[in-house]
Amino acid sequence: MRLGVLDVGSNTVHLLVVDAYHGAHPWPAYSEKAELRLAERIGADGRLSRTGADALVEAVAKARDAAASHQTEDLLAFATSAVRDATNSAGVLKRVREETGVDLQVLAGEAEAILTFLAVRRWFGWSAGRLLVLDIGGGSLEVAAGIDEEPDVALSLPLGAGRLTREWLRGDPPSAHQVEKLNGYVESQLDKAVSKLRGDDWERPVATSKTFRTLARLAGAAPSAAGPTARRRLTLDGLRQVSGFIRRMSSSAIAEMDGVSARRAHQLLAGAVVAETAMRRLGIEALDICPWALREGVILRRLDVLESV
């Protein structure tokens, strides 16, 4: 069947159309993105701005039309931390539903971690053993670990690259003092994950998300042109080297580097701080980069449900 997945994230609204059936690899048929950066449109009162809501409604309507033109049989639409955390999220969701007909469901942070873990498990298979999965989004960091398809531990922490950039880093580049304060905050927020995972003996640490893929590319991993099956890794030593030079660079200079999205360049330093601190605190020397993440997890879970009916 042909499924559409509409992912309303903190940075982008991404429509992915796939041809899939239970037990098979979901093959992408169409993809389009709109860069809304919703996390940066949330005011001091915690509300998503009117212009942010307007842009969201427009993007969802466009994605709905694109999904219909590509003959999708079902459209799975969900929103993550930016909409989830907005104090006016109920009103925004109602407006989206009334003006576009799309019933946008908000995923809890723990659900994000669980579905991303499912995608990683299916990608690497049972031979990967006990997995640890890290996913840095725009608004949150998801952490999950386990040996089955459902993780034993699934956590969501307010450590997204966009959120931290907005709340902690000023200037371009930010001052060393600001980066030091951000480091301290990330350390404290990771205490929960470290205590939950301390003593776990995972066999394959894995990372997903645009932030990790970009950091891995800057550390020497294969470019996107090499395809999704090319093996990509991010070592702690390589990450430290990347962090060391991007913290001295302006976002415009970072944006000129191979593999960096111009619209996310200003968030990369915060993402690097989270990645490096998490790897160090959890004792990870290297991460495998998985091309599948939350969207694929949503698709796989949907196919599992259809198969059981």
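Checked for salt-bridge contact, Arg95 and Asp54 meet the test: a charged N lies under 4.0 Å from a carboxylate O. Of the charged side-chain nitrogens involved, at least one lies within less than 4.0 Å of a carboxylate oxygen, so that Glu112 and Arg84 count as a salt-bridged pair.
Put simply, CG on Leu294 and OG1 on Thr208 are 8.5 Å apart, with the number rounded to the nearest 0.5 Å. We find the CD1-CD distance between Ile299 and Glu296 to be 5.5 Å, quoted to the nearest 0.5 Å. Of the inter-residue distances, the one linking Met279 atom CE with Leu236 atom CG reads 5.0 Å to the nearest 0.5 angstrom. Between atom CZ of residue Phe78 and atom CG of residue Asp103 there is a gap of 14.0 Å, rounded to the nearest 0.5 Å. Rounded to the nearest 0.5 Å, atoms CG (Leu269) and OG (Ser243) are 7.0 Å apart. The distance from the CG atom of Leu141 to the OG1 atom of Thr211 is 10.0 Å, given to the nearest 0.5 Å.
Side-chain contact between Pro173 and Arg248 is absent, with no heavy-atom pair separated by less than 4.5 Å. At least one side-chain heavy atom of Glu98 sits less than 4.5 Å from a side-chain heavy atom of Lys94. Between Glu40 and His266 there is a side-chain heavy-atom pair separated by less than 4.5 Å. With contacts defined as side-chain heavy-atom distances shorter than 4.5 Å, the pair Asn183/Val179 qualifies. Looking at Val143 and Leu132, their side chains come closer than 4.5 Å, going by heavy atoms from C-beta outward. Counting heavy atoms from C-beta on, the side chains of Ile147 and Trp126 never come closer than 4.5 Å. Between Leu182 and Leu169, some side-chain heavy-atom pair lies under the 4.5 Å cut-off. Residues Arg37 and Thr12 fail the side-chain proximity criterion, which asks for heavy atoms closer than 4.5 Å.
Between Leu157 and Ala193, the closest heavy-atom pair is CD1-CB, 4.1 Å. Here the closest non-hydrogen pair linking Ala219 and Leu234 is CB-CD1, 3.9 Å. The heavy-atom pair separating Ile289 from Phe124 by the smallest distance is O-CZ, 4.4 Å. Between Phe212 and Ala275, the shortest heavy-atom distance links the atoms CE2-CB, 3.5 Å. The two residues Pro26 and Leu300 make their nearest non-hydrogen contact at CG-CD2, 4.2 Å. The shortest heavy-atom contact between Ser10 and Gly139 is OG-N, 3.3 Å.
Atom CD of Glu32 sits in a crowded spot, with more than 12 heavy atoms from other residues, nucleotides or ligands closer than 6.0 Å. More than 12 heavy-atom neighbours from other residues, nucleotides or ligands sit within 6.0 angstrom of CD on Glu276. Around atom CZ of Arg170, more than 12 heavy atoms belonging to other residues, nucleotides or ligands sit under 6.0 Å away. In the displayed structure, Glu180 atom CD is contacted under 6.0 Å by at most 12 heavy atoms of other residues, nucleotides or ligands. Summarising the local packing, CZ of Arg263 is surrounded by 12 or fewer heavy atoms from other residues, nucleotides or ligands at distances under 6.0 Å.
Using a distance-only test at 3.5 Å, with no hydrogens or angles considered, no donor-acceptor pair links the side chain of Arg204 to the main chain of Trp202. The backbone N or O of Val274 lies less than 3.5 Å from no partner atom in the side chain of Thr277, so there is not a single donor-acceptor pair. Under a 3.5 Å cut-off, the side chain of Arg2 and the backbone N or O of Thr72 do not form any donor-acceptor pair. Not a single donor-acceptor pair under 3.5 Å links the side chain of Gln241 to the backbone N or O of Gly238. Panel note: side chain Ser209, backbone Ile136; a donor-acceptor pair is recorded below 3.5 Å. A side-chain donor-acceptor contact under 3.5 Å links Ser69 to the backbone of Ala66. Side-chain atoms of Arg130 never come within 3.5 Å of backbone atoms of Glu203 as a donor-acceptor pair (strictly under, hydrogens ignored). A side-chain donor-acceptor contact under 3.5 Å links Arg166 to the backbone of Ala39. Formation of a donor-acceptor pair under 3.5 Å by the Arg47 side chain with backbone atoms of Gly43 is not found in this model.
Every residue two or more places apart in sequence or in another chain that forms a side-chain hydrogen bond (donor to acceptor under 3.5 Å, both in side chains) with Arg302 is listed here: Asp74. Qualifying side-chain hydrogen bond (donor to acceptor under 3.5 Å, both in side chains) partners for Thr214, counting only residues two or more places apart in sequence or in other chains: none.
Side chains of Ser49 and Thr51: a donor-acceptor N/O pair is present below 3.5 angstrom, by distance only. Checking His14 against Ser31 by side-chain atom types alone, a donor-acceptor pair falls below 3.5 Å. Inspection of the Ser250 and Asp172 side chains reveals no N or O donor paired with an N or O acceptor under 3.5 Å.
Under the side chain to side chain contact (heavy atoms under 4.5 Å, CB included) rule, Val206 has a single partner from Leu287, Leu131, Thr116, which is Leu131.
Within the structure, the side-chain hydrogen bond (donor to acceptor under 3.5 Å, both in side chains) test picks out the following pairs touching residues 138-151 (sequence neighbours left out): Arg122-Glu149, Ser140-Glu142, Glu142-Ser156, Glu150-Arg301. Judged as a ring pair (Phe, Tyr, Trp, His ring centres under 6.0 Å), the pairs with a partner in residues 268-296 (not counting sequence neighbours) are, in order, His25-Trp292, Trp123-Trp292. Applying the ring pair (Phe, Tyr, Trp, His ring centres under 6.0 Å) test to pairs two or more places apart or on separate chains, those with a residue in residues 127-170 are Trp168-Tyr185.
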Between Asn11 and Gln267, is the side-chain hydrogen bond (donor to acceptor under 3.5 Å, both in side chains) condition met? List the steps. CA-CA 10 Å; Asn11 288 307; Gln267 301 179 6; 2.8 Å; yes
Do Gln189 and Asp191 pass the side-chain hydrogen bond (donor to acceptor under 3.5 Å, both in side chains) test, and can you show the C-alpha distance, the side-chain angles, and the key distance before you say yes or no? CA-CA 6 Å; Gln189 288 294 315; Asp191 285 344; over 6 Å; no
Start with the C-alpha distance between Ile246 and Leu268, add both sets of side-chain angles, then the distance that settles side-chain contact (heavy atoms from CB on, under 4.5 Å), and finish with yes or no. CA-CA 8 Å; Ile246 66 172; Leu268 192 60; 4.1 Å; yes
Could you go step by step and tell me if Asp258 and Arg217 meet the salt bridge (charged side-chain N to carboxylate O under 4.0 Å, His left out) rule? CA-CA 8 Å; Asp258 185 37; Arg217 175 66 187 127; 2.4 Å; yes
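Under a hydrophobic clustering in which Ile, Leu, Val, Met, Phe, Trp and Tyr are joined whenever their side-chain heavy atoms come within less than 4.5 Å, directly or via other members, Phe117 and Val5 fall into different clusters.
Chaining together hydrophobic side chains whose heavy atoms lie under 4.5 Å apart places Val57 alongside Leu6, Val8, Val13, Leu15, Val17, Tyr30, Leu36, Leu38, Ile42, Leu48, Leu56, Val60, Leu75, Val83, Val92, Leu93, Val96, Val102, Leu104, Val106.
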